[in-house]
Each structure stands twice: as structure tokens, then as C-alpha cells.
Amino acid sequence: MSRRTLIAAALSVLASLPAAQAATRCADFLAAPDNFPLMEKFKLNKFRFQDRSGGFAPFVNVFTDLIGQPVHGMQFDPRGLRITPPGLSLSVDLRVGAFAGVALQIVAFDAAGGVQDTMIVPADNIMHTVVLNAMTAPIESVQVKGGNFEGVLNHVCGHR
């Protein structure tokens, strides 16, 4: 068998194998009731959450957005919320919304503090799914700012 035939056979076998599933871990607030108070720093499903100290304490808010989508998430201080996934991530997705006329600025950072991706979520009273991708290095943390005291995070997922 020639080398070319061997390579073609190997590629054919590899192509027929099922795709490897990416390791994904998520955290949400569905187990907490409406108005449930949260600490400024806490862990949930191995994610670390840190709200800005000195502002109002984060809490769980449950309602329906402008187009009828359920909102059951963490309402946070507009000065910022830092989320650290349980491991370095190739992408992070969040379900977020801004409900007080001020957009959310979302930034993904690598371990050295470099910016990997950024997104702006409009203040349109609707929940949005945002995906941040690692550009040159894995994502170590995500920061969410803005929202004028009415920014809400429904869930976050880190993908390796």
C-alpha cells in the first residue's frame, strides 16, 4: 500500500469518528427565588462571581422581558460584575439583558489581563445571548458593566 493510500485511509477513518464534544460548564440562578439576596463574592457550579463592593448587593430577579421571554437571573451593580469560569475557556456565552436605558459592556480577559473579545448589549429591555471568543489566548474571566442598576445575568457557560 502506498503512502498516499495509507494517508487517505487514515483520513477516511478519522472523518467517520464522532466529533469530540467540547467540555462545557454552566451556571444559572433558577434554583433561587425572586429577590433572593446574593453575596458580593460567591461560587456557583464552580464559577466565581464577584460584584463590585460598596454598591447595592446583587440579588435574584424574576420577571418577563419586553417580548415575553422569562428572566430569572442575577441583578448586579452597574460598576461591574466579574465572572471567572472554572477553567480557561475558548468561548463563554452569557444570557444578559439591560432594563434601565443604559447598555451593558461585556469584556473577556485572558490570564494576563489582555482583552480577548468585547460585546455591547443594548438597553432594549430584552434578554440577549452573547458569545465571547478567545482570539489569541484562552478566556480567564469576563466583566459585565453598565445597566444602570437593572442589568441581569440569566446564565453563563464556559466552553473548553
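Note: the hydrophobic cluster containing I126 does not contain I120 (ILVMFWY, side chain heavy atoms under 4.5 Å, direct or indirect links). Hydrophobic clustering keeps V152 apart from F49 (ILVMFWY residues linked when any side-chain heavy atoms are closer than 4.5 Å, directly or through intermediates). Linking ILVMFWY side-chain heavy atoms closer than 4.5 Å, directly or via other members, places V62 and F36 in a single hydrophobic cluster. A single hydrophobic cluster is not seen to contain both F47 and F59; linkage of ILVMFWY side chains at heavy-atom distances under 4.5 Å, directly or through other members, places them apart.
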Hey, can you pull the donor-acceptor pairs under 3.5 Å for the side chains in residues 137-146, sequence neighbours left out?
from: S141; atom 1: OG; to: R82; atom 2: NH1; distance (Å): 2.7
from: Q143; atom 1: OE1; to: R82; atom 2: NH2; distance (Å): 3.1

Contacts under 3.5 angstrom, residues 95-115 side chains, donor-acceptor by atom type, not counting sequence neighbours:
from: R95; atom 1: NH1; to: T129; atom 2: OG1; distance (Å): 2.9
from: R95; atom 1: NH2; to: Q69; atom 2: OE1; distance (Å): 2.3
from: Q105; atom 1: NE2; to: A103; atom 2: O; distance (Å): 3.4
from: D110; atom 1: OD1; to: A112; atom 2: N; distance (Å): 3.0
from: D110; atom 1: OD1; to: G113; atom 2: N; distance (Å): 3.0
from: D110; atom 1: OD1; to: G114; atom 2: N; distance (Å): 2.8
from: D110; atom 1: OD2; to: Q116; atom 2: NE2; distance (Å): 3.0

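Under the disulfide bond (SG atoms under 2.5 Å apart) criterion, no residue pair touches residues 81-134, with sequence neighbours excluded.
Taking CG of L90 as the reference point, atom CG of L132 lies at 13.0 Å (rounded to 0.5 Å). The structure places NE2 of H155 at 12.5 Å from CG of N45, a figure rounded to the nearest 0.5 Å. Interatomic distance, CG of N154 versus CG of L30, reported as 7.5 Å (0.5 Å rounding). T84 contributes atom OG1, which lies 8.0 Å from atom CD of Q50 (distance to the nearest 0.5 angstrom). Atom CE of residue M74 and atom CZ of residue F42 lie 4.5 Å apart, to the nearest 0.5 angstrom.
Scanning for side-chain contact (heavy atoms from CB on, under 4.5 Å) contacts around K46 gives R25, P86, with sequence neighbours left out. Not counting sequence neighbours, the partners of P78 by the side-chain contact (heavy atoms from CB on, under 4.5 Å) test are F56, F149.
The environment of M135 atom CE is dense: over 12 non-hydrogen atoms of other residues, nucleotides or ligands sit within 6.0 angstrom.
Under the side-chain contact (heavy atoms from CB on, under 4.5 Å) rule, V156 has a single partner from D93, L94, D28, which is L94.
Side-chain atoms of D65 come within 3.5 Å of backbone atoms of M127 as a donor-acceptor pair (strictly under, hydrogens ignored).
Shortest non-hydrogen contact noted between T24 and C157 is CG2-CB, 4.3 Å. Nearest heavy atom pair, residue S91 against residue V131, reads CB-CG1, 4.4 Å. When every heavy atom of F76 is checked against every heavy atom of L81, the shortest pair comes out as CD2-CD2, 3.9 Å.
Through direct or relayed side-chain contacts under 4.5 Å between Ile, Leu, Val, Met, Phe, Trp and Tyr, L88 connects to no other residue.
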Worksheet entry | Candidate pair V71 and N61, rule side chain to side chain contact (heavy atoms under 4.5 Å, CB included), full reasoning | CA-CA 7 Å; V71 178; N61 199 347; 5.8 Å; no

Item to complete: May I have the step-by-step check of side-chain hydrogen bond (donor to acceptor under 3.5 Å, both in side chains) for S89 and H159, ending in yes or no?
Response: CA-CA 5 Å; S89 300; H159 309 279; over 6 Å; no

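Contact check for I83 versus L153: side-chain heavy atoms found under the 4.5 Å cut-off.
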